[in-house]
Amino acid sequence: MPGTTRTQVGIVGAGPAGLVLGRLLEREGIDAVVLEARSRDYVEHRLRAGVLEQGTADLLRALGVGDRMDREGLLHAGIELRFDGTGHRIPLADLTGGRHVMLYGQTEMVKDLIAARLESGAELRFEVEDVALHGLEGNAPSIGFRHEGVDHELRCDVVAGCDGFHGVSRGAVPADRLTVRSREYPFAWLGILADVAPSSEELVYTSHERGFALHSLRGPTKSRLYLQVDPGDDVEAWSDDRIWDELHLRMARDDDWVLHEGPVLEKGITPMRSFVAEPMRHGRLFLAGDAVHIVPPTGAKGLNLAVADVKVLGEALVAFLRGGDERGLDAYSATALRRVWRAEHFSWWMTSMLHQDPAAADDPFAVALQRAQLEYVCTSEAAATSLAENYVGLPWARRTLDAPMNRVPRRMREERG
Ligand code: FAD
Ligand code: DHB
């Protein structure tokens, strides 16, 4: 075939997972090719997440792609939980020994990674078509695709499936080899980007009887706001006026806090689901990011989890491709899944605590439980610390069950006298 080429790692998808993996490998001298179905312009402007865990931001710096993030991103030390017209600050940094999150749009992070890859000369092809994975169960997998009208075969040592929830990689695994666990939610998020300075310096997660609302930001002049809506809603049914009216109603605070309005630059509705497919490996195919798991967006874990997967995968690939050491690859799925399930629980918990389940509206017991949980998180240092450590991101290497927690926390020692 005229278009037959070879690389060590064939990476399908140029989202956060594929691009960070490509960068990690490039820095270690491993050859990789990134194949992306969409155009560069589309990928660079796809409006999505905006909260980077401290570990994600640190990794981008270590990979030499953190300069613009450090100049233009905003370090946040806390978030607000708002309900019953009152705001309650969760001091993330104080509760986690000084850890922060970085507000920096996924679009910007993706632009930085693409620019760095193209500048280095490493291969990245946009607008590839008909991607198909072959020979995954043997030692010489390959990726077939068409680019600029020419059919290609890319022969690889390993394939990384980083092509998001609707990609082809997960589907290349025989269905009987994957265990899928999932949950649909009876609501969705309507998100807008508004050309107006943020109304609050920190993120505001609001629980209201009309539904959840979130105030976030993109730099000093842009606000990013979200509303819980019905999953069947058409975005056209939400005029700008209706969106602002609803945001005002849900986010109202009893003091003089004001929500600033501005022109709506973009709006879209995102369904919410939890989804995990296991294992994250099939032969020489390794799945990462949204290709293999989805979290509901409350708590902003999706992007961070994608990056955490490829950090583990990248290190394992380097050990394998440099010295034939397969231990990291063999452990990849189990190692990554531990973090995945922690994030799945956190995202589900944040979602359940803050949204209105239409089915539970007539269930006073459910309503009271939700209220009790909110109050607990905002009044107990232990509960707030649990939220905070998950929000800023747990350490890459965490304690395991066979390493018992034998240290009694300082606070408990003091209480015991
Ligand atoms: P993706 O970003 O989906 O990247 C996959 C890439 O693969 C894409 O560029 C895609 O075009 C490409 N691709 C697909 N099929 C093929 C193919 N056959 N061949 C080649 N390439 C292919 N998370 C948050 O934390 N907060 C949010 O507010 C938030 N909002 C979101 C809104 C939407 C609409 C979506 C879909 C997700 C949102 N997320 C959010 C989740 C977060 O953006 C994702 O978790 C993150 O993008 C995952 O990165 P990824 O690289 O795994 O997948
Ligand atoms: C944003 C998205 C989230 O899912 C979240 O929990 C907080 C902020 C954002 O897009 O800014």
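Order of appearance sets the numbers: ligands from 1, and atoms from 1 within every ligand. Values reported hereafter were calculated over all heavy atoms of this structure, with side chains retained and with hydrogens, waters and symmetry mates removed.
- Counting only heavy atoms from C-beta outward, the side chains of Phe145 and Glu129 never approach each other to under 4.5 Å.
- Within the 4.0 Å heavy-atom cutoff, Met350 does not count among the residues contacting ligand 2.
- With a heavy-atom cut-off of 4.0 Å, Ala306 touches ligand 1 through its side chain alone.
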Test Thr96 against Glu389 for side chain to side chain donor-acceptor pair (under 3.5 Å), laying out the working first.
-> CA-CA 6 Å; Thr96 58; Glu389 72 166 356; over 6 Å; no
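- For ligand 1, the atoms sitting less than 4.0 Å from at least one non-hydrogen atom of Gln106 are 2 (O), 42 (C), 43 (O), 46 (C), 47 (O), numbered in the order shown with element in parentheses.
- By the criterion of a heavy-atom distance under 4.0 Å, the side chain of Tyr226, and not its backbone, is placed next to ligand 1.
- More than 12 heavy-atom neighbours from other residues, nucleotides or ligands sit within 6.0 angstrom of CZ on Arg242.
- If you number the atoms of ligand 1 from 1 as listed, the ones under 4.0 Å from a heavy atom of Gly289 come out as 52 (O).
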Report the C-alpha separation of His215 and Tyr205 in whole Å, then their side-chain angles, then the decisive distance to 0.1 Å, and conclude whether the ring pair (Phe, Tyr, Trp, His ring centres under 6.0 Å) test is met.
-> CA-CA 7 Å; His215 169 279; Tyr205 289 82; over 10 Å; no
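- Looking at Ala300 next to ligand 2, an N or O pair under 3.5 Å apart turns up.
- Between Phe212 and His355, the ring planes lie parallel to each other; the angle is under 30°, not in the 30° to 60° tilted range.
- Counting heavy atoms closer than 4.0 Å to ligand 1, residue Val295 contributes nothing at all.
- Side-chain contact, Tyr104 with Asp112: a donor N or O sits under 3.5 Å from an acceptor N or O.
- In this structure, Glu72 places its CD atom where more than 12 heavy-atom neighbours from other residues, nucleotides or ligands lie under 6.0 Å away.
- Taking any N or O of Leu103, backbone or side chain, none lies under 3.5 Å from an N or O belonging to ligand 2.
- Under a 4.0 Å criterion applied to the non-hydrogen atoms of Gly164, ligand 1 contributes the atoms 3 (O), 5 (C), 53 (O).
- Distance check for atom 39 (N) of ligand 1: every protein heavy atom is found at 4.0 Å or beyond.
- Between the side chain of Asn304 and the backbone N or O of Val51, at least one donor-acceptor pair lies under 3.5 Å.
- Remark: Arg170 is positioned above the aromatic ring of Phe165, its terminal NZ or CZ atom under 6.0 angstrom from the ring centre and at most 45 degrees off the axis.
- Those atoms of ligand 2 with a heavy atom of Gly50 less than 4.0 angstrom away are 9 (C), 10 (O).
- From the protein, the heavy atom lying nearest to atom 11 (O) of ligand 2 is Ser216 OG, 2.5 Å.
- What sits closest to atom 5 (C) of ligand 2 on the protein, heavy atoms only, is Tyr205 OH, 3.3 Å.
- Side chain of Arg273 to main chain of Arg183: no donor-acceptor pair is present (N/O by atom type, distance under 3.5 Å, no hydrogens or angles).
- Nearest to atom 8 (C) of ligand 2 by heavy atom, out of Leu47, Leu217, Val51, is Val51.
- Residue Tyr226 has at least one heavy-atom neighbour below 4.0 Å for each of these atoms of ligand 2: 1 (C), 2 (C), 9 (C), 10 (O).
- Under a cut-off of 6.0 angstrom, the local environment of CZ in Arg338 is crowded, with over 12 non-hydrogen atoms contributed by other residues, nucleotides or ligands.
- Distances below 4.0 Å separate heavy atoms of Gly299 from the following atoms of ligand 2: 6 (O).
- Side chains of Tyr42 and Arg40: no donor on one and acceptor on the other come within 3.5 Å.
- Atoms of ligand 1 found under 4.0 Å from any heavy atom of Gly167 (numbered from 1 in listed order, with element): 15 (N).
- Of the charged side-chain nitrogens involved, at least one lies within less than 4.0 Å of a carboxylate oxygen, so that Arg253 and Glu80 count as a salt-bridged pair.
- Here the options are Asn390, Leu387, Leu354, the test is side-chain contact (heavy atoms from CB on, under 4.5 Å), and the partner is Trp349; only Leu387 passes.
- The closest approach between any non-hydrogen atom of Phe145 and ligand 1 is not below 4.0 Å.
- Residue Gln106 places no heavy atom under 4.0 Å from ligand 2.
- Every atom of ligand 2 is numbered from 1 in the order shown, and the set under 4.0 Å from a heavy atom of Leu203 is 7 (C), 8 (C).
- Using modelled atom types, one side-chain atom of Ser199 and one backbone atom of His260 make a donor-acceptor pair closer than 3.5 Å.
- Those atoms of ligand 2 with a heavy atom of Trp189 less than 4.0 angstrom away are 3 (C), 4 (O).
- Here the shortest heavy-atom distance to atom 48 (C) of ligand 1, taken over Val307, Val20, Asp290, Asn304, belongs to Asp290.
- Remark: ligand 1 atoms within the under-4.0 Å shell around heavy atoms of Gly302 are 25 (O), 45 (O).
- Listed by number with element, the atoms of ligand 1 under 4.0 Å from a non-hydrogen atom of Lys301 are 25 (O).
- Distances below 4.0 Å separate heavy atoms of Cys162 from the following atoms of ligand 1: 5 (C), 6 (C), 7 (O).
- Ligand 2 has no nitrogen or oxygen under 3.5 angstrom from a nitrogen or oxygen of Thr298.
- Numbered from 1 in the order shown, with element, the atoms of ligand 1 that lie under 4.0 Å from a heavy atom of Arg46 read 8 (C), 9 (O), 10 (C), 11 (O).
- In summary, the side chains of Asp309 and His293 do present a donor paired with an acceptor at a separation below 3.5 Å, with no hydrogens or angles considered.
- With a 4.0 Å cut-off on non-hydrogen atoms, Asp163 touches ligand 1 through its backbone as well as its side chain.
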